[in-house]
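Notes follow the structure.
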Amino acid sequence: MPVERYNPRAAEPKWREAWDSAKLFETKNNDPRPKYYVLEMFPYPSGRIHMGHVRNYTLGDVLARYRKAKGFNVLHPMGWDAFGMPAENAAMQNKVHPKDWTYQNIATMRTQLKSMGLSLDWSREFATCDVDYYHRQQMLFIDFQAKGLVGRKVSKVNWDPVDQTVLANEQVIDGRGWRSGAEVEQRELAQWVFKITDYAQDLLESLDGLDQWPEKVRTMQANWIGKSEGLSFSFGLVGAPDGFDTLPVFTTRPDTMYGPTFAAIAADHPLAKKLAENNPDIAAFNEQCRRIGTSAAEIETAEKLGFDTGIKVTHPADPSWTLPLFIANFVLMDYGTGAIIGCPAHDQRDLDFARKYDLPVIDVFLPLDSDERVGNTAFVPLKTQPVRYVQWVGEPCTQTAYEAMSRSLEIFEKDGWGTRETQFRLRDWGISRQRYWGCPIPMIHCESCGIVAVPKADLPVKLPDDVDFETPGNPLDRHPTWKHVKCPSCGGEARRETDTMDTFVDSSWYFTRFTAPWENEPTDRKAANEWMPVDQYIGGIEHAILHLLYSRFFTRAMRDTGHVDLAEPFKGLFTQGMVVHETYKGPSGWVTPAEIKISDVDGKRTATLLSDGSPIEIGSIEKMSKSKKNVVDPDDIIDSYGADTARLFMISDSPPERDVIWTEAGADASHRFVQRIWRLIAEAADGLKAPQGTAASDQTVAKIAHRTLKHVGEDIEKLAFNKAVARIYELVNALHAPLTEAALTGTASPTLRQAVDFLIAMIAPMMPHLAEECWAEVGGTEMVAARAWPDFDPSFLVDNEVTLPIQINGKKRGDLTIARDADQSAVEAAVLALDFVQAALEGRQPKKIIVVPQRIVNVVG
RNA sequence: GUGGGCGUGGCGGAAUUGGUAGACGCAAGGGACUUAAAAUCCCUCGAUCUUUGAUCGUACGGGUUCGAUUCCCGUCGCCCACACCA
């Protein structure tokens, strides 16, 4: 019986309305079922969704729908990371208010996301630019401040003198402002910081417990935190300006304290700056050092340069031992104390420097088997490898670097001139942004009282709407009235802080807010504690360090200010790959996939321009980007194929953690599969509605149905969606013949009906609209999205007979089908009786027969 | 440079963690149906050879093992991250 093609354009909106009106995906906080919190990283409302969003939200939705079917109370919310610079850029370029621009984009993107059929609880939706949200963020800030987690720090910013504004690093192009083209200046500004370094040790140690995070991300965070243990001490200074009596230094290699031949400081070191005041050469050298370091490539190739200050430092263990003090371009002010001790024999960088400036090289330790001194390659063995120490604090001996480091530390501490210290690379989180479109920092500057927090009763500090972006500078700062305020402490004239918060602050707790977005306090503690941590967080690898580290810090800070009772916000983390696409280049530049036609003759693909047939070069496969024009618009795909096809494509073939290549052929294939499922089920629907006959006749169907159900469930739980899809293909292939038969005869067995029920349940998380349509077609009444995941019957998973591959000397020569419970000797006897075994053995006795039960047999002859 | 990962057909990728290599899909070729097309269905599809079979084959070279895509050593190549971190 022929049926009409499945029409997603009609079916999909119908089912979305049905889910909506049943409020199927609205989650209650007091639901007694076990909880499961699925969260995809929320989007920035840039204007339209892109294929990367489609992939991200499909992955999360498959999991959310599956968990819901498995009986969990699933929280799957959505919101908007809505503050940030693009809104201000749009305001300047198109004269749109950032607020209007942002909320319009949100409206567009919400509609687009809804067309994907996601099982989201839209009742919890918020944007970080909603006053209700940033109001609570200001409450958190004030609590953090009271707890001592907020500080002030003077740090350098990129200042655009024409636009009168601070620039982010990415807005500085070749040393010039991206808009004005003016040469960027370095200015020092007092900035607000969160004291993330207070938690450095905990943030590092706790990474061990995050066993459902990718190892790669944990490593990246550990490196970012960058813990090192070593010796802290001070050099004495000879010939230094007044006020510089000693020079504090940190070294991770106390075992090499008897091998240094120079000391060096950063160009930004206070001593270097002091020296520059009276010495133009030093001033020029420092300036030169500062200019290097804008791009990674320059740093890589930069030659190690030093400037001999003429000052001598004295060794702490022996004041008569002096070393020259250099200013060096490879010493960083930000790390340690901005001063190093140079031990050329055992550090390649120090050695290069010593050779360049003709400094001596003292070997601290030598290899066990050679007396060869260091030449132009530093001797840097593993710290676990024993070496002969010849120049160190103790008697010459053989030991590992670890042993020597620990013994040296002990002795130096006892001698009283050095202390054991732990250094972190991690720095405090600067959150001040001199911009309008962000959460205002709720602080007040008063001439007489200093810095005072806005009382909670006076919150929120709202952004003023009447701002203009015509003139340069921060609109909050030049607003006629906004910043003028009475001091909450003395009542005198005071002024508001005009900095707003880094948008990473907004995204550091939105996942907690989702647990009770209606609450007056930042959190409903009970709800937050019940829902958190997020069971599965899904997003791009680009957030591996900052967003995730800040969120981990923020959750701890919220714990320590009484808003939640946990430290780690994300139990499981999954980093998905990108959506990539071929690029196409014509005589006048890149062209979009929609503008070309691809033909394939015997595997040779050529492309021509649709408009005039001119040849187009097929380029490399790259991340979808507007500049390369290799983008595919999700709206176009959903319009022409439907959301289910787009969703299926996103999870087929490529493992979710890898990049997926979007191709027309692949989209067609996914669409064919959607149609195929529909056709097979719809054509057999009459029989399937009223199954007849006995179940026993369909053993093969029952077996594959139950087996597939088991495996697909397991695969989804592992987020191995590509494998789950392959399993479903196999099942559909197997059901093809019985369903075609059922369509012809108009009858179906209960087993076939059950297999179809399983199939519908399994496609439901992936292709939810199609599943509903099929389910209704076979007479289902309630919605599939509200139904439970079926249970497989384990008895169908075991066969009474197994087919074992038979190897002779490790090479497969045939099969043996035998009773599943046949014992070893029975298997051996049966194997030896096989023709090809007999032939191979030529009458000899086998040396050995290896029988791996239910797996394989290997005859060694 | 340091750290991590990876290398399987024309392509995306499977392979129950040592047990039949290439599931499933794409592309390609052949066929059926059709006046024709679309759609659908069937067949072939790692390489080589003396082609009802055999040999080789998971980047390359060794090793362990009855048996290696999987474990070990070495070489080559690719990708990612961090990067003058004292």
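Order of the sequence lines fixes the chain letters, A, B, ..., with proteins taken first and strands second; residue numbering starts at 1 for each chain.
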Rounding to an integer number of angstrom, what distance separates B:A21 and B:A54 when you compare their P atoms?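 So the two P atoms sit 14 Å from each other.
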Mind checking the P distance from B:A59 to B:G12? Whole angstroms is fine.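 It comes out at 14 Å once rounded to the nearest Å.
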Using only side-chain N and O atoms of [X], determine if any of them is under 4.0 Å from OP1 or OP2 of [N].
X	N	value
A:R425	B:C82	no
A:K811	B:C56	yes
A:K227	B:C85	no
A:R658	B:C79	no
A:N722	B:G12	no
A:R5	B:A38	no
A:N733	B:G25	yes

Syn/anti state of B:U75 by chi, 90° boundary around 0: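 B:U75: anti.
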Base orientation of B:G31, syn vs anti, 90° cut from 0: anti
Using a distance-only criterion (donor-acceptor N/O pair, under 3.5 Å, no hydrogens), is the base of B:U20 paired with the side chain of A:R855? no
When the nearest nucleotide of RNA chain B is assigned to A:T219 and to A:K812 on a heavy-atom basis, which residue is associated with the more 5' position? A:T219
Heavy-atom nearest nucleotide on RNA chain B taken for A:W224 and for A:T663; more 5' hit belongs to A:T663
note: A:E741, atom CD; B:C41, atom P; distance rounded to Å ~ 17 Å
Looking at A:F353 versus A:F330, is the centre-to-centre ring distance below 6.0 Å? yes
A:W662 ring center near A:F649 ring center (under 6.0 Å): yes
For a quick test of reading the model, state the closest non-hydrogen atom pair linking A:A401 to A:D255 and the distance between them. CB-OD2, 4.2 Å
Watson-Crick/G-U partner (both atom distances under 3.5 Å) of B:A81: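 Matched B:A81 with B:U2 under the 3.5 Å cut-off.
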Over 12 non-hydrogen atoms of neighbours within 6.0 angstrom of NZ in A:K703: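 More than 12 within 6.0 Å, yes.
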Tell me which nucleotide among B:C66, B:A86, B:C41 gets nearest to the side chain of A:I340. B:A86
Proximity to the side chain of A:Y729 - top-ranked nucleotide from B:G25, B:C41, B:C66: B:G25
Specify whether A:H581 and A:Y584 have parallel, tilted or perpendicular ring planes, treating 30° as the upper limit for parallel and 60° as the lower limit for perpendicular.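 A:H581 and A:Y584: perpendicular rings.
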